[in-house]
Amino acid sequence: MKFAIVSKGDEKSNTLSEKLKSYLTDFKLEYDEIEPEITISVGGDGTLLSAFQRYRHRLNDTAFVGIHTGHLGFYADWMPDEIEKLVIAIAKTKCRIVEYPLLEVIIYYNNERQEEHYLALNEATIKSVEGTFVIDVEIKDELFERFRGDGLCVSTPSGSTAYNKALGGAIIHPSLESIQIAEMASINNRVFRTIGSPLILPAHHKCIFRPVTHKDFLIGIDHLTFVQKDIQSLQFRVADQKIRFARYKPFPFWSRVRASFIDE
């Protein structure tokens, strides 16, 4: 079996990564950063997002495992003191593959620039570079509302526990193939009105944002943020691809939610 390791880059994570690499190669597993069958993230949830973006072109061939070197994270099954158990599990047992839905984002431009495609594990966000954010929201090719406010967040079910939750969005079980739209500080008064509530769309529904005033936006795809200019529209839907996690021990979704947000 071929494996790769993505480290957060701090001393603790790097030391643990080197130890993990040594142990696994002792079991005759091959370290391969190009075509890994298992990718091990050592750090935090941000490190797992980085690993996902690095290997998003191999989602059908790579499964992910998370080890947290800080506080317990949502995507991590393993803690540093369990590294020997994880090594034996990878080397000696067959894992259970769990798949989570992803978000597909397509950005179209007003000029002749080719559209750009992205995948998000957690969420995509859109904010104006300057001035009030004004955008038309279409669902199933029909205008739903004209949104005014700070921005919008479109999240996956697994990403519903991240920025979406901070915006007051619902937590969605990742077995439900869906996306969620949450508002950022919408403007609601006697003149302007938004739905004022998160929207959950099923897999067969797509959502399109069409700019009304400004054409330049600050776009976030998981942990990456960049400015995109002269945007014509943005399309969001449940992606055809899924992320695959290698499970070597049970850690049910609602147990993750409880461990991440309620347990002390």
Side-chain angles (χ1 to χ4, degrees), residues 4-8 36-68 70-78 95-107 116-126 151-167 169-182 198 200-203 206-207 219-226 234-247 251-254 256-257 259-261:
I5 300 174
V6 177
S7 172
K8 180 180 179 180
E37 297 167 74
I38 287 186
T39 298
I40 305 169
S41 165
V42 182
D45 279 352
T47 312
L48 193 287
L49 292 175
S50 296
F52 161 71
Q53 291 295 342
R54 181 180 300 184
Y55 292 107
R56 66 184 183 275
H57 63 289
R58 286 186 48 80
L59 294 179
N60 291 331
D61 304 302
T62 298
F64 295 84
V65 178
I67 303 175
H68 266 269
H71 299 292
L72 179 65
F74 195 79
Y75 289 118
D77 290 350
W78 301 86
C95 67
R96 180 172 68 96
I97 297 296
V98 176
E99 296 182 330
Y100 283 1
L102 298 170
L103 171 67
E104 178 191 76
V105 183
I106 305 177
I107 303 178
E116 295 189 7
H117 296 244
Y118 298 91
L119 288 176
L121 174 55
N122 268 3
E123 74 276 310
T125 59
I126 176 170
L152 290 167
C153 173
V154 185
S155 62
T156 66
S158 56
S160 68
T161 59
Y163 190 23
N164 168 79
K165 181 178 181 297
L167 294 171
I171 295 178
I172 304 175
H173 194 282
S175 64
L176 301 175
E177 295 193 14
S178 59
I179 58 175
Q180 181 171 185
I181 306 169
I200 300 172
L201 308 184
K206 69 179 180 181
C207 175
I219 306 295
I221 303 292
D222 288 338
H223 62 302
L224 306 173
T225 303
F226 45 88
L234 302 96
Q235 177 180 296
F236 306 88
R237 72 178 187 91
V238 176
D240 294 330
Q241 308 95 315
K242 292 185 178 181
I243 187 172
R244 301 162 66 242
F245 289 98
R247 297 277 189 253
F251 197 173
F253 175 78
W254 296 117
R256 291 175 183 272
V257 173
S260 297
F261 300 113

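Source: prediction; values computed, not measured.
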Could you report the tightest heavy-atom contact between Tyr55 and Ala4, atom names first, then the distance? OH-CB, 3.6 Å
Test item: Phe74 and Leu48 side chains (from C-beta on) under 4.5 Å apart, heavy atoms: no
Heavy-atom donor-acceptor pair, Gln180 side chain to Ala170 backbone, under 3.5 Å: yes
Looking at Thr156 and Leu102, would you say the former's side chain and the latter's main chain have a donor-acceptor pair under 3.5 Å? no
Is there a side-chain contact between Tyr118 and Leu103 in this structure, where contact means two heavy atoms from C-beta onward sitting under 4.5 Å apart? no
Using side-chain heavy atoms (C-beta onward) and a distance below 4.5 Å, is Phe64 in contact with Leu59? yes
Exercise: identify the closest heavy-atom pair between Phe52 and Leu119: CE2-O, 3.8 Å
Do Pro36 and Arg58 come within less than 4.5 Å of each other through their side chains, counting heavy atoms only? yes
Test: Asp77 and Arg256 ion pair at under 4.0 Å: yes
Measure the SG-CD1 distance between Cys153 and Ile126 for me, rounded to the nearest 0.5 Å. 11.5 Å
When rounded to the nearest 0.5 Å, the distance separating CZ of Phe236 from CD1 of Ile107 is 7.5 Å
Ignoring hydrogens, what is the shortest heavy-atom contact between Pro157 and His173? Give both atom names and the distance. CB-O, 3.7 Å
Do the non-hydrogen side-chain atoms of Leu234 and Ile219 ever get within less than 4.5 Å of each other? yes
Kindly compute the distance separating OG1 (Thr47) from CD1 (Ile67), expressed to the nearest 0.5 Å. 11.0 Å
Are Pro101 and Ser178 close enough that some pair of their side-chain heavy atoms sits under 4.5 Å apart? no
CD of Gln241 to NE2 of His57, rounded to nearest 0.5 Å, is 12.5 Å
Tell me whether Ser158 contacts the main-chain N or O of Pro174 through its side chain, where contact means a donor paired with an acceptor under 3.5 Å. no
Looking only at the side chains, is there a donor atom on one of Gln53 and Asp222 sitting less than 3.5 Å from an acceptor on the other? yes
Given side chain to side chain contact (heavy atoms under 4.5 Å, CB included), test Asn122 with Tyr163 step by step and report yes or no. CA-CA 8 Å; Asn122 268 3; Tyr163 190 23; over 6 Å; no
Identify the two heavy atoms, one from Lys8 and one from Gly43, that lie closest to each other, and give their separation to 0.1 Å. CB-CA, 3.7 Å
I want to check something: taking the side chain as every heavy atom from C-beta on, are Glu177 and Lys242 in contact at a cut-off of under 4.5 Å? yes
Taken to the nearest 0.5 Å, the spacing of Leu121 CG from Ile221 CD1 works out to 12.0 Å
Mind listing the closest non-hydrogen atom pair of Gln235 and Arg237 along with its distance? NE2-CD, 4.2 Å
Given the rule in the side chain to side chain contact (heavy atoms under 4.5 Å, CB included) test, do Thr161 and Ser260 qualify, once you have shown the distances and angles that lead to the verdict? CA-CA 9 Å; Thr161 59; Ser260 297; over 6 Å; no
Taking all non-hydrogen atoms of both residues into account, name the closest pair between Asp45 and Ala76 and its distance. OD1-N, 4.4 Å
Do Phe253 and Ile172 have side chains that approach each other closer than 4.5 Å (heavy atoms only, starting at C-beta)? no
With rounding to the nearest 0.5 angstrom, report the CG to CG distance, Leu167 to Leu152. 9.5 Å
